[in-house]
Undergrad: 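Just dropping this structure here.
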Protein chains: 4
Amino acid sequence: MRQRIRSYATSAYCETILDAAERLFVESGYHEARMSDLARAAGVSVGTLYKYFPSKERVFGSLVLRGRDEFLASMRREATEGLPEDRVLGVVRTALDSVERRGGLFALYVQVGALTESDIRRAGGEEAEAGYLEYLDLLRHALTDAVEAGVVRRDVPVDLLVGAIAGAVNIRIFAWVKSERKEPLAAHAEKVVQVFLEGARSR
Amino acid sequence: MRQRIRSYATSAYCETILDAAERLFVESGYHEARMSDLARAAGVSVGTLYKYFPSKERVFGSLVLRGRDEFLASMRREATEGLPEDRVLGVVRTALDSVERRGGLFALYVQVGALTESDIRRAGGEEAEAGYLEYLDLLRHALTDAVEAGVVRRDVPVDLLVGAIAGAVNIRIFAWVKSERKEPLAAHAEKVVQVFLEGARSR
Amino acid sequence: MRQRIRSYATSAYCETILDAAERLFVESGYHEARMSDLARAAGVSVGTLYKYFPSKERVFGSLVLRGRDEFLASMRREATEGLPEDRVLGVVRTALDSVERRGGLFALYVQVGALTESDIRRAGGEEAEAGYLEYLDLLRHALTDAVEAGVVRRDVPVDLLVGAIAGAVNIRIFAWVKSERKEPLAAHAEKVVQVFLEGARSR
Amino acid sequence: MRQRIRSYATSAYCETILDAAERLFVESGYHEARMSDLARAAGVSVGTLYKYFPSKERVFGSLVLRGRDEFLASMRREATEGLPEDRVLGVVRTALDSVERRGGLFALYVQVGALTESDIRRAGGEEAEAGYLEYLDLLRHALTDAVEAGVVRRDVPVDLLVGAIAGAVNIRIFAWVKSERKEPLAAHAEKVVQVFLEGARSR
DNA sequence: AATGAATGAGAGTTCATTCAT
DNA sequence: GATGAATGAACTCTCATTCAT
């Protein structure tokens, strides 16, 4: 019972800190954000920060990990259930939906993906990259299934298709992040997939 | 300010420093790279660095600016010449080609685009963003022309199409950066545009 | 203050804490040892530590005081009882014996004696120094008595003699501490005093 | 020539810093002294400190090393030249003389010898200890030679004699350090050695 | 009375920037 | 004009101390 309260409190602190870190890192960036800022933002002391996370890097790493796990969990369901044709839409919708709900985490996510800064990569990069790659993999599976079901063209390498749809999704997210996350995001899923499937050419 | 940029450009020192900075920032990232590292990489003293650039931020900003200008110059030609249908392909091919030739600058570019770190944004973010927006604008123009010429569908907002093609291009570049810039990049232009125009659906 | 020391002494907690502190400080040194380490070593909580001692410094001070009092109590007897000639040997033997029994306290003792660190001096230095000076004083008395009894030479200032014997004792203790307190120590008393009295010159 | 100026300046800075560190560490102790204090005491900036020494520990280590080398160099001469009987006096006189001239370094020296604090030991402890052991070794050699020359008694283990004389010397130094290094020190050499050789017993 | 999580001042260290040479 | 040693503000992280439970 004691332990449960303890572990509950521990995880509550962790979540509070990570929530604040997510806001702060997205807002100011990893380097700009100081540990004292994070402490203030989380409503705790610097010492408490270090009670729950051994370093600034590890705060970042945990943040990325937490997001990745949530993100992938919902994605996996969509990528493996339902009709092949619907799966692509499912993954896209879920991706946009997750991003919209998790606020700016995806910005960090992409940040890490794009970055070369070795200290951040050490902290969360590999995790994030692994997550990103798994996401692409889920898309690839969904598309492969669709190819095999005969609803997606065979004459183009699947990876090119993966790139096309993932890229379109990315750009939506970028635009949404740029708009300060005010517009709806997940609502774009259908149209994005439609254009992807039908192409831009007039008919 | 313009004049200062010009006078920078005329200086061989400036170019040398920016060349070194491009390599270094791409390799180690903005924060990881120290001014003394940059001095050594450029073969000059720290003092000389500060003779030509007032701060680290401004080195970065100038770098982005230089890249942007080169990038947009070649893009503008493609977006306004030739048959409407070919222009999209022209822009995409030029984008991929520029990126391939400028090596990792695009990595920095995207870094800044994706980043929210206020100090870097101050340094080069606005310029880079402006450049990115102009690039999207060029794409939008090319697509609008194609719509008007009747070769691209009317029933979808142009911005969605812009997103689709820009996203597909981005993803190619990401993949190329991840592969450590060893694979050919510009060669993908045709297929990317083809999938964009024809769609993924089998027929 | 005296009263407080008394009340400290009556508390079993105090003794437990001081015992742990003695081990810990000797092992790791004053600065290296953390209050949380001390709490764990003593089997109490940090809060309890602060219930009995107002600060880390005062733990150290009390430690030194406790050792000093025990040390001097046995010494005083030897310095004032028995034949004058034997008293020097008595003091030396008691000193070595106390040190051997109290384990590493003397290491701390000397640490404080030798140290100039103002915070530690504040904590225990003056007490320890007073104790050390009283010890030298007891030696001086014993030697003065021996001079008056005609068994020790008159032609050398007593302080020089005090230094000679105290120094020889110190070195033995140092050597013993260096050997990790494994060799017998008190057993050296006779020989030390013999060389002191007879001198090194061959005859 | 450039290089010589450079190396001269470098060593001048080093010396200045070490001089200040010696004063400061002796005065306030290793832990109490802050790097910013040291910078101020040396008349340089904190950054400069770190240009010449990679860490606080290494400042301390270098300090100990510098003192040890000076100390031993003069000692070695005395221990190997002249008549056997005079060598002991030579070593003692040189030891006291070095200490008197080097100010409080010996206090640090002994501090390290007596201390158990692992971080300081790491920094300078082994060097200091090695130096101290070599000093004792020089004494042992001088005494062994004297024994063989027949001027010092055979019936007592040499180590006991080494301890007796080294202890007497130590105590003199302690007393001198306690007196804030105001009294003459080297002047005691003859009497210390005389008592050591002749013993305390009246005759 | 006892606990130990929370606190926050203060430590060592780094590095963008300056300026005497 | 070019240099790079010197600067010191600002960072991350530690740990003696406090106080709600």
Side-chain angles (χ1 to χ4, degrees), chain A residues 2 5-6 9-10 12-13 17 31-40 42-59 119, chain B residues 11 13 30-40 42-60 119, chain C residues 11 13 30-40 42-60 119, chain D residues 2 5-6 9-10 12-13 17 31-40 42-59 119:
Chain A
R2 264 265 154 120
I5 291 171
R6 181 60 38 80
T10 291
Y13 264 112
I17 291 168
H31 280 102
E32 190 90 339
R34 305 202 269 309
M35 287 303 263
S36 54
D37 295 337
L38 176 52
R40 186 166 35 260
V44 300
S45 71
V46 178
T48 300
L49 245 42
Y50 281 89
K51 180 144 192 22
Y52 292 98
F53 299 92
S55 69
K56 188 182 179 185
E57 282 190 14
R58 292 288 297 268
V59 174
D119 57 345
Chain B
S11 161
Y13 267 117
Y30 178 80
H31 281 101
E32 192 94 333
R34 303 200 280 301
M35 287 303 263
S36 55
D37 294 338
L38 177 52
R40 185 166 40 260
V44 300
S45 71
V46 180
T48 301
L49 244 43
Y50 279 87
K51 181 116 194 57
Y52 292 98
F53 299 93
S55 71
K56 189 183 180 184
E57 285 188 13
R58 293 292 298 268
V59 173
F60 188 81
D119 58 342
Chain C
S11 160
Y13 268 116
Y30 178 80
H31 279 100
E32 192 94 336
R34 303 199 282 301
M35 286 302 263
S36 56
D37 294 337
L38 177 51
R40 187 169 34 261
V44 300
S45 71
V46 180
T48 302
L49 244 43
Y50 280 87
K51 181 115 194 57
Y52 291 98
F53 299 93
S55 70
K56 189 182 180 184
E57 285 187 14
R58 292 292 297 269
V59 174
F60 187 82
D119 57 343
Chain D
R2 266 266 156 120
I5 292 172
R6 181 59 39 83
T10 291
Y13 263 111
I17 290 168
H31 281 100
E32 190 91 339
R34 305 202 270 310
M35 287 302 263
S36 56
D37 294 337
L38 177 52
R40 185 165 38 259
V44 300
S45 71
V46 179
T48 301
L49 246 42
Y50 281 89
K51 181 144 193 26
Y52 292 99
F53 299 93
S55 69
K56 189 181 180 186
E57 282 190 13
R58 293 288 297 267
V59 174
D119 57 344

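In what follows, every chain begins at residue 1, and chains take the letters A, B, ... in the order their sequences are listed. Fair warning: this is a prediction, and the values are worked out from it, not measured in the lab.
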Undergrad: So which heavy atom on A:I17 is nearest to which on A:A42, and how close?
TA: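 Looking at all heavy atoms of both residues, the shortest contact is CA-CB, 4.1 Å.
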Undergrad: Please state how far atom CZ in C:F53 lies from atom C1' in F:dT18, giving the value in whole angstrom units.
TA: 18 Å
Undergrad: Closest-nucleotide mapping onto DNA chain F: is D:L49 or A:M35 further toward the 5' terminus? I mean the 5' end.
TA: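 Taking each residue's closest nucleotide, the earlier one in sequence belongs to D:L49.
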Undergrad: Do you know which two heavy atoms are closest between C:H31 and C:K56, and how far apart they sit?
TA: O-NZ, 3.8 Å
Undergrad: Could you state the CG-P distance from B:D37 to E:dT14, rounded to the nearest angstrom?
TA: 14 Å
Undergrad: Using only side-chain N and O atoms of C:S45, determine if any of them is under 4.0 Å from OP1 or OP2 of E:dG4.
TA: no
Undergrad: Would you give the length of the straight line joining atom OH of C:Y30 to atom CD of C:E57, rounded to the nearest 0.5 angstrom?
TA: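 Answer for the OH-CD pair, C:Y30 versus C:E57, is 4.5 Å.
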Undergrad: Whole-Å distance between E:dG12 C1' and D:H31 NE2?
TA: 12 Å
Undergrad: Taking only N and O in the side chain of D:Y50, is any of them less than 4.0 Å away from OP1 or OP2 of F:dA6?
TA: no
Undergrad: To the nearest 0.5 Å, tell me how far D:S45 OG sits from D:K51 NZ.
TA: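 These two atoms lie 11.0 Å from each other.
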Undergrad: Closest nucleotide of DNA chain F for A:S36 versus for D:V44: which of these residues is on the 5' side?
TA: D:V44
Undergrad: Would you mind telling me which residue lines up with the more 5' stretch of DNA chain E, D:S55 or C:G43, judged by nearest nucleotide?
TA: C:G43
Undergrad: Using heavy atoms to find the nearest nucleotide of DNA chain E for B:V46 and C:G47 separately, return the residue whose nucleotide is more 5′.
TA: C:G47
Undergrad: On the nucleotide F:dA6, are OP1 or OP2 found under 4.0 Å from the side-chain N or O atoms that D:K51 carries?
TA: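 Checking F:dA6 against D:K51, no side-chain N or O comes under 4.0 Å of OP1 or OP2.
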Undergrad: Where the side chain of A:K56 is concerned, which of F:dA16, F:dT12, F:dT3 is the nearest nucleotide?
TA: F:dT12
Undergrad: Tell me whether the OP1 or OP2 atom of E:dA2 has a side-chain N or O from C:Y52 closer than 4.0 Å.
TA: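 Affirmative; the distance criterion is met.
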Undergrad: To the nearest Å, give me how far apart CZ (C:R34) and P (E:dT7) are.
TA: 20 Å
Undergrad: Paired stems touching DNA chain E, three or more consecutive Watson-Crick or G-U pairs with both distances under 3.5 Å?
TA: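 Output for stems: E:2-21 with F:2-21.
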Undergrad: Can you check the D:R40 CZ to F:dA6 C1' distance for me, whole Å?
TA: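 From D:R40 CZ to F:dA6 C1': 17 Å.
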Undergrad: Can you name the closest pair of heavy atoms from B:F53 and B:R58 and give their distance?
TA: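 It is CD2-O, 4.0 Å.
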Undergrad: Can you tell if the side chain of D:V59 reaches within under 4.5 Å of the side chain of D:L49, non-hydrogen atoms only?
TA: no
Undergrad: Quick one: closest heavy-atom pair of B:V46 and B:A39, and the distance?
TA: N-CB, 3.8 Å
Undergrad: Can you tell me how far P of F:dT14 sits from CD of C:E32, to the nearest Å?
TA: 13 Å
Undergrad: Is B:Y13 close enough to F:dG1 that one of its side-chain N or O atoms is under 4.0 Å from OP1 or OP2 there?
TA: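 B:Y13 to F:dG1 OP1/OP2: no side-chain N or O under 4.0 Å.
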